[in-house]
Trainee: 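Can you keep this structure in mind? I'll have questions shortly.
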Amino acid sequence: MADASDSQSNPPVDPAPSGPDGERKLLRLPDLDRLIGLLRARGFRVIGPTVRDATIMLGDIESAAQLPSGWAERVEAGFYRVERRDDAACFAHRTSPESAKRHLFPPAQKLWRADGSEDHPQPVVEDRSTAPRLAFLGLHACDLAAIAVQDKVFMGGAYVDHVYATHRRGALIIAVQCTSSAPTCFCDSMGTGPHLDGGCDLGMTELIEGGEPVYVVHTGSEEGAQLLAGLAPPPASHAQVVAAEQLVAEAAAHQKRRMQTEGIKDLFYQNYENPRWEEVARRCLTCANCTMVCPTCFCANIEDGTDLSGRLAERRRRWDSCYTLDFSYIHGGSVRYSPMSRYRQWLTHKLATWIDQFGTSGCVGCGRCIVWCPVGIDLTEEVAALRMSARAS
Amino acid sequence: MNPIATIISRQQFFAGMDDALIERIAGCAAEKQFDQDEVIFREGESADRFFVILEGQIAVKIHGVQRGDIMIQTLDAGDVLGWSWLVPPYQKQFSAQATLPSRALVFDGAILRRMCEGDHDLGYDMLKRFIRVIAARLQATRLQLIDVYASEK
Amino acid sequence: MASNAVADPLVSRPWRVKRRIREAHDTFTLEIESRAGESFPFTAGQFNMLHVHGVGEVPISISSNPAETALIRHTTREVGPVTKAMRKLDAGDTIGVRGPMGVGWPIEAIEGRDVVLVAGGIGLAPLRPALYRLIAEREKYGKIVLLYGTRSPQDILFKHELEHWRAQFDLEIHVTVDRAIGTWRGHVGVVTTLIARAPFDPLETVALVCGPEIMMRYTLMELGRRGVRESDMYLSMERNMKCGIGTCGHCQMGPFFVCRDGPVFNYAQIKWLLGKAEV
């Protein structure tokens, strides 16, 4: 993904992104079922979209029947509903509250434990060597961009995070290009989507033919090619390939929201004291939803605890949020005690300091934080307002 | 220049002061020695003197009833002690005691006050010098007030 | 699993408490050593994540001499559940160690300069390793001045060592307390008041500052007034730290992870963030 500080222009949409073999294949819904079976037979845990708790979640799936065929999301700022579509599309979800983050960087992780009844309690590290490989089905371009961001966070520095790296290195990704955009999507302006630009083993585009989905598939890796070969699919027609790319280009063109990323780092660095922060803080509930649904937010707490006897101690890591008071607590009080400063911390980190820390924006334009904010705070609107306010002062 | 004026002119506190003004204020100044633990003035006394410390160390104290005297500040060579002579009702707010054998220039504040009233150039010059001292003390007091090292906050 | 334990920076190594030393009514030093006999090189100003079995983990700066790599000391105040539990540890008890972490004081880079160390309260602890280093190679530095402020005479840390240093080495040590009663013959007043007349040449001086953030802000201001260049001032920051390696996010201050990019920063590097509230 491009550096947000200079990525105002969209990446050119390649009308026919090519995998190793360059040729597009065609899959149908029963083929997806075979694909899932094939993956499971190879020992993968298959994670895909499925309707659960009145949302389209990313969860374990065992067959294509669990895909949200015929379901769509209706979303706006602070609003999410699943509803029926009039066709059998399976990958119409855009702003699921979950992303690959939940599986590559689980919300709660055991790190190690130590037995205090031993003379010198020696930490025993949680064994992750037997964890099954993950196969993601149905991630979108923004999800892949988010994984690329978290790769930098957890694997790009001096220390490689063991938990993340274990899941990530074994992961197989079957991604789906978006053929429509939710009103909250702005990946086009972030340069992260909707068209797929590498980062997956297989890439699919969902077309609807006579109410039924078909998939134009390209390969992105040797393993993906092998997997696809196992299904012996026919080639996609030229018309199907063109139609697929046409839909993706339209999805980009129809995005209503845009993030203006030009000079965004300086905008934030120079506006810590802008009155706009107080304005947004009057609406922000500091509920932390945005940090939980964000596919790149990586903050976590390290927690030490024991069993009731106090003998067995365990260290866990759990998702944390910069919206809590505890987050910045040092002896005597919290550094960021006002809701204003906590909202400012989140947005400034996401869009500005992240660039200094990891060489990329922390935002991939997925719009989840807009949808899942209970009061509908829209970060694209906040950035625009901050620009206006900065210009006026 | 008389010997007292020479000493005055060497003090940082009076740096840049007109020789003529120094000669005039030297007329109401004298040098004085204090023994270790000698009380220089007490809370509530009339404030008709101020000091520029030449040597030693002098503590500013508040009497804390049950707790005995609380030292709130120590002053060293070059420091000014006392500015209540500038502020009605010209009464000492704190006590001062030498914690080491000390030597200081003592100024007669009552006379100096009258000189300042009669000569606003001198008055303004003195006020500018004292306001710096007062501002620095106020800042230090605020920092003490925050009690930055406290365990319980 | 043992090899795995060493490789994972989130796994504590079990060390042994050798001795606990009382420094003041709420302050103590833990002297610890590796059970495996490992040598532990560190830079003055770095810290460790110390873990008490079943209680938790906290970042504590190393307060001992970097030349001594077998026995490591940490000086801390008893302020939270973990440090309270730490204070109950005795010789032979196990303590978990992760570290050394962070960026320390630029001791080598400042050779040939005058060095002014300004410490406030427990802030003397992370500066002590720097003092050991400076004394060990005394001839490589110009004037060395320690200005140390604390709450009351009872709170003065490393008192005997300070007296010893003052007597043995060519360094100026000025101690001040915020308030005193009784027989205290030393200085009373905030530590910033010592800066105006401390004997150093501002343009030749590098300042190392550690203490409560408010104290540091005013100290830096006062050093600036004296004429010390901002790029010659260093300070050690405190933030909430959980991982110590820049991945948990808690210690962020603007673009910096204090645990990884600090805790020691050049003032010119972070001045733009220091005055801003709640960053």
Side-chain angles (χ1 to χ4, degrees), chain A residues 111-112 114 116 119-125 127 153-154 157-159 161-164 265 269 272-273 297-307 310-315 317 320 322 326-332 334-338 340-342 344-345 348-349 352-357, chain C residues 1-16 35-36 49 51-59 77 79-80 82-83 92-94 96 98 122 212-213 238-257 260-261 272-273 275-279:
Chain A
L111 297 176
W112 51 265
D119 273 354
H120 326 305
Q122 177 79 37
V124 177
V125 179
D127 186 7
V153 172
F154 291 119
Y159 298 102
D161 188 85
H162 285 212
V163 176
Y164 183 86
K265 196 177 90 174
Y269 283 11
Y272 271 95
E273 277 136 358
C297 270
F298 60 84
C299 289
N301 205 358
I302 309 277
E303 298 173 340
D304 289 289
T306 55
D307 62 358
R311 186 178 62 85
L312 204 64
E314 191 176 72
R315 175 164 297 171
R317 181 164 62 178
D320 202 353
C322 52
D326 276 355
F327 188 82
S328 64
Y329 182 87
I330 45 179
H331 167 64
S334 295
V335 173
R336 288 184 281 274
Y337 49 86
S338 71
M340 181 285 286
S341 70
R342 284 176 264 149
R344 183 180 66 185
Q345 166 62 24
T348 304
H349 184 212
T353 56
W354 206 298
I355 296 170
D356 271 342
Q357 292 170 350
Chain C
M1 280 299 153
S3 60
N4 198 357
V6 173
D8 189 335
L10 295 178
V11 178
S12 307
R13 285 165 287 174
W15 280 39
R16 174 174 32 223
R35 287 193 185 279
M49 298 297 297
H51 171 244
V52 180
H53 183 84
V55 182
E57 191 181 47
V58 285
R77 288 203 310 179
V79 291
V82 182
T83 46
D93 285 344
T94 291
R98 296 195 291 128
I122 190 71
E213 197 167 319
E238 184 190 9
R239 283 293 182 271
N240 189 7
M241 294 176 189
K242 295 290 184 188
C243 74
I245 53 172
T247 66
C248 80
H250 287 79
C251 67
Q252 285 179 85
M253 186 180 62
F256 303 110
F257 292 103
R260 185 194 70 188
D261 306 325
W272 65 287
L273 291 165
K276 294 188 173 69
E278 299 186 76
V279 171

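In what follows, every heavy atom counts, from backbone to side chain, and hydrogens, waters and symmetry copies are set aside. In the text below, chain A, chain B and the rest are named by the order of the sequence lines, each starting its count at 1.
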Trainee: For Trp15(C), which atoms come within 4.5 Å of any heavy atom of chain A: side chain, backbone, both, or neither?
Mentor: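 No part of Trp15(C) comes within 4.5 Å of chain A.
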
Trainee: Side chain, backbone, both or neither: which part of Arg35(C) has a non-hydrogen atom closer than 4.5 Å to chain A?
Mentor: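 Side chain only.
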
Trainee: Considering only heavy atoms and a distance below 4.5 Å, find which of Gly310(A), Ala158(A), Pro121(A) pairs most often with chain C.
Mentor: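 Max contact count across the listed options: Pro121(A).
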
Trainee: For chain A, which candidate among Gln252(C), Lys276(C), Arg239(C) shows the most heavy-atom pairs at distances under 4.5 Å?
Mentor: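 The option with the most such pairs is Gln252(C).
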
Trainee: Heavy-atom pairs under 4.5 Å with chain A: which of Gly54(C), Gly246(C), Cys251(C) has the most?
Mentor: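 Among the listed options, the one with the most contacts to chain A is Gly54(C).
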
Trainee: Got a second to check how far Ile330(A)'s CD1 is from His250(C)'s NE2, nearest 0.5 Å?
Mentor: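 Spacing of CD1 (Ile330(A)) from NE2 (His250(C)) equals 13.0 Å.
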
Trainee: Taking Gly80(C), Gly254(C), Ala277(C) one by one, which has the highest count of heavy-atom pairs under 4.5 Å against chain A?
Mentor: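 Max contact count across the listed options: Gly254(C).
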
Trainee: For chain C, find which of Thr306(A), Thr348(A), Val335(A) contributes the most heavy-atom pairs closer than 4.5 angstrom.
Mentor: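 Looking at each of Thr306(A), Thr348(A), Val335(A) in turn, Val335(A) comes out on top.
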
Trainee: Under the salt bridge (Lys or Arg N to Asp or Glu O under 4.0 Å) test, which residues partner Asp356(A), sequence neighbours left out?
Mentor: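 Asp356(A) satisfies salt bridge (Lys or Arg N to Asp or Glu O under 4.0 Å) with Lys265(A) only.
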
Trainee: Please classify the contact between Asp307(A) and chain C as side chain, backbone, both or neither, with a heavy-atom cut-off of under 4.5 Å.
Mentor: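 Contact with chain C is absent: no heavy atom of Asp307(A) under 4.5 Å.
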
Trainee: Answer with side chain, backbone, both or neither: which region of Glu213(C) has an atom nearer than 4.5 Å to a non-hydrogen atom of chain A?
Mentor: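 Glu213(C) has no heavy atom closer than 4.5 Å to chain A.
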
Trainee: If you count heavy-atom pairs within less than 4.5 Å of chain C, which of Tyr337(A), Tyr329(A), Phe154(A) leads?
Mentor: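 Among Tyr337(A), Tyr329(A), Phe154(A), the one with the most close pairs to chain C is Tyr337(A).
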
Trainee: Heavy-atom pairs under 4.5 Å with chain A are the metric here; pick the option from Asp93(C), Thr94(C), Val279(C) that has the most.
Mentor: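 So the answer, after comparing Asp93(C), Thr94(C), Val279(C), is Val279(C).
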
Trainee: What I want to check is whether the side chains of Glu238(C) and His331(A) have a donor and an acceptor closer together than 3.5 Å.
Mentor: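 Per modelled atom types, Glu238(C) and His331(A) side chains form no pair under 3.5 Å.
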
Trainee: So which heavy atom on Pro14(C) is nearest to which on Gln122(A), and how close?
Mentor: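 Here Pro14(C) and Gln122(A) meet closest at CG-OE1, 3.5 Å.
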
Trainee: For Thr83(C), is there any backbone N or O sitting under 3.5 Å from a side-chain donor or acceptor partner on Arg77(C)?
Mentor: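 No: the side chain of Arg77(C) does not pair with the backbone of Thr83(C).
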
Trainee: Between Arg344(A) and Glu278(C), does at least one N-O distance fall below 4.0 Å, as a salt bridge requires?
Mentor: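 So Arg344(A) does not pair with Glu278(C) through a salt bridge.
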
Trainee: Report the distance from atom CD of Glu303(A) to atom CZ of Arg315(A), rounding to the nearest 0.5 Å.
Mentor: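 Rounded to the nearest 0.5 Å, the CD-CZ separation comes to 11.0 Å.
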
Trainee: Might you point out which heavy atoms bring Leu10(C) and Trp112(A) nearest each other, and give the distance in Å?
Mentor: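 Taking every non-hydrogen atom into account, O-NE1, 2.9 Å.
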
Trainee: Select one option (side chain, backbone, both, neither) describing which atoms of Ser334(A) are under 4.5 Å from chain C's heavy atoms.
Mentor: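 Neither part.
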
Trainee: When only pairs under 4.5 Å are counted, which of Asn301(A), Leu312(A), Val153(A), Asp161(A) shares the most heavy-atom pairs with chain C?
Mentor: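 Most heavy-atom pairs under 4.5 Å with chain C: Asn301(A).
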
Trainee: Using salt bridge (Lys or Arg N to Asp or Glu O under 4.0 Å) as the criterion, list what pairs up with Arg16(C), not counting sequence neighbours.
Mentor: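 With sequence neighbours excluded, Arg16(C) shows a salt bridge (Lys or Arg N to Asp or Glu O under 4.0 Å) to Glu33(C), given in chain and number order.
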
